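Heads up, the thing below is written out as structure tokens.
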Amino acid sequence: MGKLDGKVAVITGGSSGLALAGAKLFVDEGAHVFISGRRQEALDEAVKLIGRNVTAVQADSANLDDLDRLFDAVRREKGVVDVLWASAGTGEERKLGEITEQHFDAMFGLNARGTLFTVQKALPLFNDGGSIFMTGSIASVKGFPSWSVYAASKAVLHAYARVWLSELKDRRIRVNVLTPGQIATPIQEQLFDEETKAQFESLIPRGKMGRPEEIATVALFLASDDSTYVNGMELIVDGGTTAV
Ligand SMILES: NC(=O)c1ccc[n+]([C@@H]2O[C@H](COP(=O)([O-])OP(=O)(O)OC[C@H]3O[C@@H](n4cnc5c(N)ncnc54)[C@H](OP(=O)(O)O)[C@@H]3O)[C@@H](O)[C@H]2O)c1
């Protein structure tokens with residue numbers, strides 16, 4: 001018996017990194033998973049890696065027409081959603097004094113606006129008793145220099161969760177935020193040199209970044225009936241970085 005037998009899950013940004021590890025685990029636990037991302041090549045590779053019970057839809061989560069296409073595909077193929085993990089997100093450093101409109105719009109356009117419309121567009125398909133969670137970041141609760149706009153664009157997610165769980169309580173849909181600390185994923189390679197990675201690792205009690213699989217198991221907890229009494233929470237998974 002898998003923990004997600006017969007469930008339909010949608011994972012945005014599921015073609016790479018921590019969400020890809022989650023997609024693989026969800027399928028291993030019995031779900032059919034829809035993954036989205038902008039790059040078709042990455043989606044094709046992810047489908048190959050996951051191997052079965054997965055549908056990839058090329059869609060930019062910052063683009064509302066693309067989100068319509070994503071949920072049209074889910075409607076056509078499965079008709080319902082039980083689990084939504086809105087994980088597509090973007091990050092970029094920019095010091096106060098150097099922040100541009102483009103930077104602000106890119107961070108908020110995907111992390112705050114895109115996430116909101118992802119959830120809203122999924123709702124008509126949602127089964128009662130479902131689980132929604134969004135990927136936050138510990139940047140929103142720490143004061144990492146140069147990350148103010150990213151931090152703010154992730155901080156909104158917990159506010160969404162608190163309000164939406166009240167709005168969705170009659171449908172028994174839970175809404176949470178999964179908030180990772182530093183995780184060794186491809187985005188880390190793009191954003192940070194070895195020195196910066198070492199600086200971040202020095203803040204982690206075990207001295208080593210998390211692995212995508214260590215987020216995937218927590219995502220499975222939030223997606224499954226193991227967490228039926230967990231609602232409106234920001235679940236921080238950071239090896240203790242924010243605790244010390
Ligand atoms: N890694 C960390 O240390 C860390 C820490 C805290 C929070 N996070 C958050 O975790 C999430 C995943 O990050 P990751 O580290 O796993 O990064 P990753 O390996 O780069 O994966 C990002 C995924 O999101 C997709 N994506 C990016 N922009 C998108 C868009 N506009 N529309 C749809 N999909 C999009 C990417 O595919 P395409 O590029 O093809 O679109 C890819 O599948 C993000 O929300 C990030 O902010 C990561």
Side-chain angles (χ1 to χ4, degrees), residues 10-25 33-47 49-50 54 56-71 73 84-93 105-118 121 133-142 144 147 149-158 177-192 196-197 199-201 203-204 208-216 218-219 234-239 241-242:
V10 177
I11 305 180
T12 64
S15 61
S16 173
L18 51 88
L20 172 58
K24 192 166 183 329
L25 182 59
V33 176
F34 289 81
I35 56 170
S36 68
R38 293 162 304 172
R39 290 166 299 138
Q40 188 61 48
E41 207 176 278
L43 289 165
D44 292 343
E45 274 176 34
V47 166
L49 181 90
I50 296 168
V54 58
V57 182
Q58 188 178 26
D60 180 345
S61 289
N63 179 317
L64 271 55
D65 292 335
D66 280 14
L67 289 173
D68 283 334
R69 272 196 308 102
L70 168 62
F71 290 107
L84 171 66
W85 181 7
S87 190
T90 189
E92 187 186 40
E93 285 182 81
D105 291 346
M107 296 301 105
F108 272 79
L110 178 58
N111 299 345
R113 179 179 180 274
T115 302
L116 181 155
F117 285 105
T118 301
K121 286 176 184 293
F133 54 102
M134 304 165 271
T135 302
S137 167
I138 62 163
S140 69
V141 293
K142 295 285 283 183
F144 296 133
W147 289 92
V149 180
Y150 174 72
S153 73
K154 290 288 192 178
V156 302
L157 302 181
H158 197 193
V177 183
L178 198 181
T179 293
Q182 299 301 327
I183 310 297
T185 65
I187 209 176
Q188 289 268 347
E189 300 304 318
Q190 287 164 30
L191 290 175
F192 305 130
T196 311
K197 279 194 265 177
Q199 268 168 17
F200 276 123
E201 287 198 307
L203 304 174
I204 305 168
K208 264 209 143 342
M209 285 195 194
R211 290 176 290 108
E213 293 73 20
E214 291 176 302
I215 297 298
V218 180
E234 176 161 31
L235 189 40
I236 295 180
V237 187
D238 67 350
T241 305
T242 53

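Small disclaimer: the values here were computed from a predicted structure and weren't measured. One-based numbering, in listed order, for ligands and for the atoms of each.
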- Can a non-hydrogen atom of G114 be found less than 4.0 Å from any atom of ligand 1? no
- Working for side-chain contact (heavy atoms from CB on, under 4.5 Å), residues S61 and T115: CA-CA 7 Å; S61 289; T115 302; over 6 Å; no
- Task: Run the numbers for me: atoms of ligand 1, each under 4.0 Å from some heavy atom of Q182, listed by number.
- Result: 3 (O)
- Message: Taking only non-hydrogen atoms of S87, do any sit less than 4.0 angstrom from ligand 1?
- Response: yes
- Query: Is the shortest distance from a heavy atom of G91 to ligand 1 less than 4.0 Å?
  - Reply: no
- Heavy-atom proximity to atom 35 (C) of ligand 1, picking from A21, A19, A88, points to A88
- Task: Examine ligand 1 and decide if any of its atoms is less than 4.0 Å from a heavy atom belonging to G136.
- Result: yes
- Item | T12 near ligand 1 by a heavy-atom separation under 4.0 Å | no
- Give a yes/no on ligand 1: does A46 have at least one heavy atom closer than 4.0 angstrom to it? no
- Item | R38 N/O under 3.5 Å from ligand 1 N/O | yes
- Query: Below 3.5 angstrom, do we get any N/O pair linking Q190 and ligand 1?
  - Reply: no
- Task: Compute the shortest N/O to N/O distance between Q188 and ligand 1 and return yes if it is under 3.5 Å, no if not.
- Result: yes
- Determine, stepwise, if the pair K154 / W147 fulfils side-chain contact (heavy atoms from CB on, under 4.5 Å). CA-CA 11 Å; K154 290 288 192 178; W147 289 92; over 6 Å; no
- Message: Minimum distance, heavy atoms only, to atom 5 (C) of ligand 1: which one of G181, G210, A86 is it?
- Response: G181
